[in-house]
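Quick notes on the structure that follows.
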There are 2 protein chains.
Amino acid sequence: MGDNFTVNMDEFLPLRDVVFNTLRRAILTGELKPGERLMEIHLANRLGVSRTPIREAIRKLELEGLVTMIPRRGAEVAQITEKSLQDVLEVRRALDALCVELACDRITSEEKEALKQACDEFEKATKTGDVTTIAGADVALHDIIVRATGNQRLIQLINNLSEQMYRYRFEYIKDEKGHDNLVNEHRMIYESILHGDKEKAAEAAKLHIDNQEKSIIRQIRMEREQQLKKKDRNV
Amino acid sequence: MGDNFTVNMDEFLPLRDVVFNTLRRAILTGELKPGERLMEIHLANRLGVSRTPIREAIRKLELEGLVTMIPRRGAEVAQITEKSLQDVLEVRRALDALCVELACDRITSEEKEALKQACDEFEKATKTGDVTTIAGADVALHDIIVRATGNQRLIQLINNLSEQMYRYRFEYIKDEKGHDNLVNEHRMIYESILHGDKEKAAEAAKLHIDNQEKSIIRQIRMEREQQLKKKDRNV
DNA sequence: TAATTGCATTTTGTATACAAGGATTGTACT
DNA sequence: AGTACAATCCTTGTATACAAAATGCAATTA
């Protein structure tokens with residue numbers, strides 16, 4: 001008895017966590033835009049819950065840096081500036097390098113195998129040209145490396161930092177002409193880890209971030225230019 | 001008009017932030033011990049507020065990793081294991097190295113002067129032998145370096161990671177025989193940054209962390225042994 | 001016409017009330 | 001005496017109610 005229903009585990013999450021995930025997703029996908037106000041009653045009505053879980057979710061988003069609190073005015077989606085993104089990427093460059101170095105030492109043979117497959121999967125994904133598929137394969141690949149470090153704190157930090165750039169992920173993947181660079185970078189990282197060559201792995205990881213940085217910064221500048229033009233037109 | 005009063009900004013903090021700071025402090029100083037349950041009504045009565053700000057504070061502590069949520073049972077102070085501390089230190093080693101490297105490039109002459117003074121202050125502090133004074137001087141010194149990076153995200157991350165070890169800070173400072181090592185390590189870092197020698201600075205920073213790690217791990221092992229003995233005696 | 005004041009509305013901050021789930025204790029039965 | 005079951009209490013999860021602050025708008029006055 002009780003086995004007649006297969007329940008979605010998500011249903012057991014407290015509402016605050018459901019709301020947290022929902023809002024986070026909305027922010028990262030750009031559904032909620034930077035600077036947009038998050039008004040509690042409004043969100044509560046929209047999501048069909050009371051203000052309490054909304055508030056608790058906002059507290060977590062606040063600490064994650066995805067929303068900014070304005071005293072006596074409430075929360076709004078955090079602005080992403082070029083500076084803040086460079087800050088994030090600067091940290092990520094160091095942590096990604098640490099990641100692959102640790103992975104060199106600690107990766108198991110099963111994980112090596114999984115990594116190889118993930119590399120192949122990624123290459124295959126680029127050939128489909130479907131952005132969602134590519135993004136998924138990319139996440140999967142990086143996930144294997146990050147997990148291979150066995151360092152829980154590092155895993156958590158890298159995930160959080162990656163998040164900050166998710167809004168640009170799609171454009172970034174679309175942006176890469178041919179994707180050959182991406183495939184090669186991944187191969188390079190994979191080979192280095194396979195042979196336990198820490199230095200080479202770290203260099204490859206840094207290069208990988210550098211290229212992402214260039215692409216994302218370019219995008220941000222384009223976006224800002226477009227916004228400025230729009231303003232000019234309206235004035 | 002309006003200048004007649006100088007108000008304490010702290011008084012304007014929302015209760016949730018007051019509670020957050022209070023609880024965090026209590027956890028980091030060891031007043032609230034690992035494994036201890038944080039019961040909302042209890043805390044609310046103790047702090048003279050309602051459950052709402054308590055809950056919101058706990059949400060933030062949860063994301064910071066200082067408390068663990070157990071479903072339908074509430075929050076408890078996060079356990080610190082040797083593994084979790086090694087994880088933190090592993091990340092800190094990388095970020096502290098990044099810190100001094102960035103500082104080499106970006107430190108201003110005023111900051112250089114301040115850093116020199118902080119080094120002297122620290123040496124002076126060690127001579128007083130007062131643990132609180134030494135700890136304060138240590139924080140001040142590291143703060144200057146971290147701030148010199150100009151990377152907001154990095155500043156926030158390092159502060160958060162440092163926090164995780166605050167409970168051991170005092171013992172660690174007491175533990176160091178003569179403090180000469182500490183003074184020398186600080187001097188080394190200072191000199192390297194002064195001359196813009198990134199490699200040397202990074203090495204010095206890593207060494208600094210390594211020594212802290214040794215001391216802290218030793219302490220944790222001692223603590224655990226004592227706890228085991230206590231258990232044995234009771235059984 | 002412009003500025004200032006006051007009122008109304010909106011929104012956050014805080015407290016409390018209510019419901020549901022788990023744990024513990026006590027009792028009854030074997 | 002031990003085990004199983006039930007009732008009660010404790011605690012969290014959620015909703016709502018109330019208070020205070022800020023913003024926006026309008027009206028009045030200079």
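The figures here come from the full heavy-atom set of this structure, side chains too, leaving out hydrogens, waters and symmetry mates. It should be emphasised that the depicted structure is a prediction, and the values quoted were computed from it without experimental measurement. So you know, we letter chains A, B, ... as the sequences are listed, proteins then strands, and number each from 1.
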Handout entry: Side chain proximity check, A:Leu161 to B:Arg153, heavy atoms < 4.5 angstrom
Key =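 SC-SC contact between A:Leu161 and B:Arg153 confirmed.
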Rounded distance in Å - [atom1] ([X]) to [atom2] ([N]):
{"X": "B:Asn45", "N": "C:dA15", "atom1": "CG", "atom2": "P", "result": "11 Å"}
{"X": "B:Arg16", "N": "C:dA15", "atom1": "CZ", "atom2": "P", "result": "13 Å"}
{"X": "A:Leu43", "N": "C:dT11", "atom1": "CG", "atom2": "P", "result": "11 Å"}
{"X": "A:Ile54", "N": "C:dG13", "atom1": "CD1", "atom2": "P", "result": "14 Å"}
{"X": "A:Leu15", "N": "C:dG21", "atom1": "CG", "atom2": "P", "result": "13 Å"}
{"X": "B:Asp17", "N": "C:dT14", "atom1": "CG", "atom2": "C1'", "result": "14 Å"}
{"X": "A:Ile41", "N": "D:dA17", "atom1": "CD1", "atom2": "P", "result": "12 Å"}

Problem - A:Glu82 and A:Arg224 ion-paired at < 4.0 Å - result: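 Yes.
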Handout entry: Basic-acidic side-chain contact under 4.0 Å: A:Glu163, A:Arg24
Key =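 Salt bridge between A:Glu163 and A:Arg24, a charged N being under 4.0 Å from a carboxylate O: yes.
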Exercise for the section: For the residue pair A:His142 and A:His208, categorise the inter-ring angle as parallel (less than 30°), tilted (30 to 60°) or perpendicular (more than 60°). Expected result: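 Taking A:His208 first and then A:His142, their aromatic rings lie parallel (interplane angle under 30°).
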Handout entry: Nearest-nucleotide comparison on DNA chain D, the residue closer to the 5′ end among A:Pro71 and B:Arg55
Key = B:Arg55
Handout entry: Other residues, nucleotides, ligands: >12 heavy atoms within 6.0 Å of B:Arg46 CZ
Key = no
Handout entry: Donor-acceptor pair present, A:Arg51 side chain and C:dG13 base, under 3.5 Å
Key =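 Looking at the base of C:dG13, it does pair with a donor or acceptor on the side chain of A:Arg51 (distance under 3.5 Å).
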Nucleotide nearest [X] (side chain, heavy atoms from C-beta), chosen from [options]:
{"X": "A:Met39", "options": "D:dG13, D:dA15, C:dT11", "value": "C:dT11"}
{"X": "A:Arg37", "options": "C:dT11, C:dT14, D:dT12", "value": "C:dT11"}
{"X": "B:Arg72", "options": "D:dG13, D:dA15, C:dG13", "value": "D:dG13"}

Practice task
Would you mind classifying the nucleic acid contact of A:Leu38 as base, sugar-phosphate or nothing, using non-hydrogen atoms under 4.0 angstrom?
Solution key: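 Sugar-phosphate, no base atom in range.
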Problem - Nearest-0.5 Å distance, CZ of residue B:Arg59 to CD1 of residue A:Ile58 - result: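 It is 14.0 Å, given to the nearest 0.5 Å.
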Practice task
Any chance you could measure A:Cys99, atom SG, to A:Leu154, atom CG, to the nearest 0.5 Å?
Solution key: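 Between A:Cys99 SG and A:Leu154 CG, I get 4.0 Å after rounding to 0.5 Å.
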Practice task
Indicate whether OP1 or OP2 belonging to C:dA15 is found under 4.0 Å from a side-chain N or O atom of B:Ser50.
Solution key: yes
Exercise for the section: Considering just the side-chain nitrogens and oxygens of A:Arg73, establish if one lies under 4.0 Å of OP1 or OP2 belonging to C:dT12. Expected result: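 So the side-chain polar atoms of A:Arg73 never come under 4.0 Å of the phosphate oxygens OP1 or OP2 of C:dT12.
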Fill in the blank from the handout: Residues of residues 56-65 of chain A with a heavy atom under 4.0 Å from any atom of DNA chain C, listed by number, are none
